[in-house]
Amino acid sequence: MSTRVGVLGGGQLARMLALAGYPLGLEFVFLCPVRDACAAPLGEHLCADFEDEAALRHLAAKVDRVTYEFESVPAGAVAYLDDKVPVYPPPQALATARDRLHEKSLFNELGIETAPFMAVDGLADLQRAVAKIGLPAILKTRTLGYDGKGQQRLHDAADLNAAWEGIHGAAAILEGFVPFEREVSIIAVRSLSGELAFYPLSENHHQAGILQLSTSLPDDPMQGLAEDYAQRLLEHLDYVGVLAIEFFQLGGRLLVNEMAPRVHNSGHWTIEGAETSQFENHLRAILGLPLGITALVGRPGMVNLIGGLPDIDAILRLPGAHLHLYGKTPRPGRKLGHVTVCTDDGGESLQRLLALTAGQGDETA
Ligand SMILES: Nc1ncnc2c1ncn2[C@@H]1O[C@H](COP(=O)(O)OP(=O)(O)O)[C@@H](O)[C@H]1O
Ligand SMILES: [Mg+2]
């Protein structure tokens, strides 16, 4: 009987995990409350709430391992499953990563730099935090934030009330604004046997808080420091699976922004742009298989398709372009797919791809 992997969530990350798992002979069961979940056509879909005990019991009975595609899966569901079937990445890592205050405190404990931050649980806290950290700054909800959601930027003292109201009284942190030169991320992986592997750094560009472009070049000068920080986290958390870590680069320093205990959008280029994709290595790691080589193939660049689709024929005509559509209905700000080029032509293909995708999904376009 083939090995079955259970995935909490049925979005594009779950879908790409399954696409990577089929060549390895794996089968997939997705637990996701969304009826038309985009991973559903790739395996068995248990369409139920994450806290539905019957569905959780059913899932645990069917699969050999459980993993998840997003940090906000209810802790109770993970604890229930972990009693019955191994869940990786380990629930303790999930608990840390889902809360910005916990994760940033851990980074600092392990000697990893971050922007200055303080917990904020009310307007008085916010005033104290601004007095200490200064402006500009960003107020972020501790949990449930993604794609820039749950964030308010503060430029001057008049912004405090509106920012506090803007996050609807959620437990939050205030973070100093980092005038970074670059945003980079590392996709790191640790297997059940403790084997480690690191992908070459991604350089990331965001628009309105949403990742738009990731590229990767060999021999990034910050590679060594990023790997050192990633290794401290992987070993401290006794981690199993892919861990993505986002950094701000400021001179020769890397300040950690956040970590994600899962496969990550800034690693989508690894599907064609690395010897082994992040999705395959995540599966290998959680199943206790040897990890695959993480070396680059060509010069990868990945562009997200957000909100609307570009001229698909034109994309497909672009030599070396790899199109991934997630089968989702267009909506402003929604990630509908991505395109990767790996051609070593001095960035020409990437420039053509960027021109073809420019302005897609802009509500004004
Ligand atoms: N302290 C900061 N200083 C400067 N830019 C920031 C800061 N925090 C976030 N950003 C910008 O906003 C983006 C999204 O913030 P992030 O904390 O990564 O939230 P999310 O969980 O939504 O990805 C970052 O990639 C970065 O471009
Ligand atoms: Mg982020």
Side-chain angles (χ1 to χ4, degrees), residues 9 11-13 68-73 94 96-108 112-120 126 129-130 132-155 159 163 166-167 170-188 201-215 222 226 229-230 233 242-251 253-268 278 302-304 306-307 332-335 338:
Q12 65 264 23
L13 300 180
Y68 44 88
E69 64 151 13
F70 69 117
E71 293 85 314
S72 309
V73 317
L94 174 66
T96 305
R98 69 192 301 157
D99 184 324
R100 293 190 195 275
L101 182 61
H102 289 163
E103 69 175 357
K104 289 203 153 73
S105 305
L106 175 66
F107 299 147
N108 288 172
I112 301 171
E113 278 194 275
T114 60
F117 64 91
M118 277 175 76
V120 171
L126 180 57
V130 167
K132 182 127 195 252
I133 289 171
L135 293 173
I138 307 189
L139 184 66
K140 301 181 179 179
T141 58
R142 282 172 56 172
T143 60
L144 302 175
Y146 70 99
D147 285 348
K149 294 185 175 62
Q151 299 193 10
Q152 296 286 326
R153 297 198 174 195
L154 290 89
H155 302 282
D159 296 338
I167 62 161
I173 61 167
L174 185 77
E175 241 180 70
F177 188 85
V178 181
F180 55 79
E181 285 130 40
R182 285 202 302 164
E183 281 195 86
V184 297
S185 60
I186 192 162
I187 306 292
L201 284 191
S202 297
E203 182 176 316
N204 305 320
H205 299 267
H206 294 81
Q207 258 176 16
I210 307 181
L211 183 69
Q212 194 231 350
L213 166 69
S214 287
T215 58
M222 304 313 289
Y229 285 169
L233 283 162
V242 160
L243 177 70
I245 309 168
E246 297 179 16
F247 303 95
F248 301 130
Q249 185 183 347
L250 207 57
R253 294 156 68 203
L254 287 179
L255 309 188
V256 178
N257 175 31
E258 61 175 353
M259 64 177 174
R262 54 171 169 80
V263 287
H264 193 258
N265 195 169
S266 69
H268 287 3
Q278 63 165 346
M302 185 264 351
V303 175
N304 270 337
I306 302 165
R334 200 173 198 204
K335 290 173 183 167
H338 73 267

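Read the numbers this way: they start at 1 and go in the same order the structure lists the ligands and their atoms.
- Those atoms of ligand 1 that come under 4.0 Å of a heavy atom in G148, given as number and element, are 20 (P), 22 (O).
- Of the possible polar contacts, one joining the N108 side chain to the I112 backbone as a donor-acceptor pair under 3.5 Å is found.
- Of the listed residues (H206, R334, K335), just one forms a side chain to side chain donor-acceptor pair (under 3.5 Å) with D147, and that residue is K335.
- Residue R153 has at least one heavy-atom neighbour below 4.0 Å for each of these atoms of ligand 1: 11 (C), 12 (O).
- When heavy-atom distances to ligand 1 are checked against a 4.0 Å cut-off, V178 comes that close through both its backbone and its side chain.
- Taking a cut-off of under 4.0 Å to the non-hydrogen atoms of G145, the atoms of ligand 1 that pass are 21 (O).
- Ligand 1 has G176 within reach: a non-hydrogen atom of the residue lies less than 4.0 Å from it.
- In this structure, R98 contributes its side chain and V73 its backbone to a donor-acceptor pair below 3.5 Å.
- Counting heavy atoms only, K140 comes closest to atom 17 (O) of ligand 1 of the residues K140, E258, E71.
- Annotation for ligand 1: atoms under 4.0 Å from non-hydrogen atoms of N257 are 16 (P), 17 (O), 18 (O).
- No side-chain donor-acceptor contact under 3.5 Å links S214 and N265.
- The distance criterion of under 3.5 Å between nitrogen or oxygen atoms is not met by F180 with respect to ligand 1.
- Set against the non-hydrogen atoms of E246, the atoms of ligand 1 under 4.0 Å away are 18 (O).
- Less than 4.0 angstrom separates some heavy atom of D147 from each of these atoms of ligand 1: 20 (P), 22 (O).
- In this structure, of F177, F117, Y146, F247, the residue bringing a heavy atom nearest to atom 4 (C) of ligand 1 is F177.
- For the pair L139 and L174, the minimum side-chain heavy-atom distance is below 4.5 Å.
- Nearest to atom 19 (O) of ligand 1 by heavy atom, out of E175, E183, H264, Q151, is Q151.
- Less than 4.0 angstrom separates some heavy atom of I138 from each of these atoms of ligand 1: 2 (C), 6 (C), 7 (C), 8 (N), 9 (C), 10 (N).
- When the shell of 6.0 Å around NZ of K149 is examined, it contains more than 12 heavy atoms from other residues, nucleotides or ligands.
- For the pair Q207 and ligand 1, no heavy-atom separation below 4.0 Å is found.
- Each of the following atoms of ligand 1 lies closer than 4.0 Å to a heavy atom of H206: 25 (O), 27 (O).
- One finds a salt bridge joining E175 and K104 here, because a Lys/Arg side-chain nitrogen approaches an Asp/Glu carboxylate oxygen to under 4.0 Å.
- A tilted orientation is assigned to the rings of H268 and H338, their planes being inclined by 30° to 60°.
- Within E258, the N, O or S atom at minimum distance from the Mg ion (ligand 2) carries the name OE2.
- In this structure, the protein non-hydrogen atom closest to atom 13 (C) of ligand 1 is G209 CA, 4.3 Å.
- Judged by distance alone, with hydrogens and angles left aside, the side-chain atoms of R142 form no donor-acceptor pair with the main-chain N or O of I173 at under 3.5 Å.
- When each of Q278, E71, E69 is paired with R262, the side chain to side chain donor-acceptor pair (under 3.5 Å) condition holds for E71 and for no other.
- Among the backbone and side-chain atoms of E246, an N/O/S atom is found under 2.8 Å from the Mg ion (ligand 2).
- The backbone N or O of L211 lies less than 3.5 Å from a partner atom in the side chain of N304, making a donor-acceptor pair.
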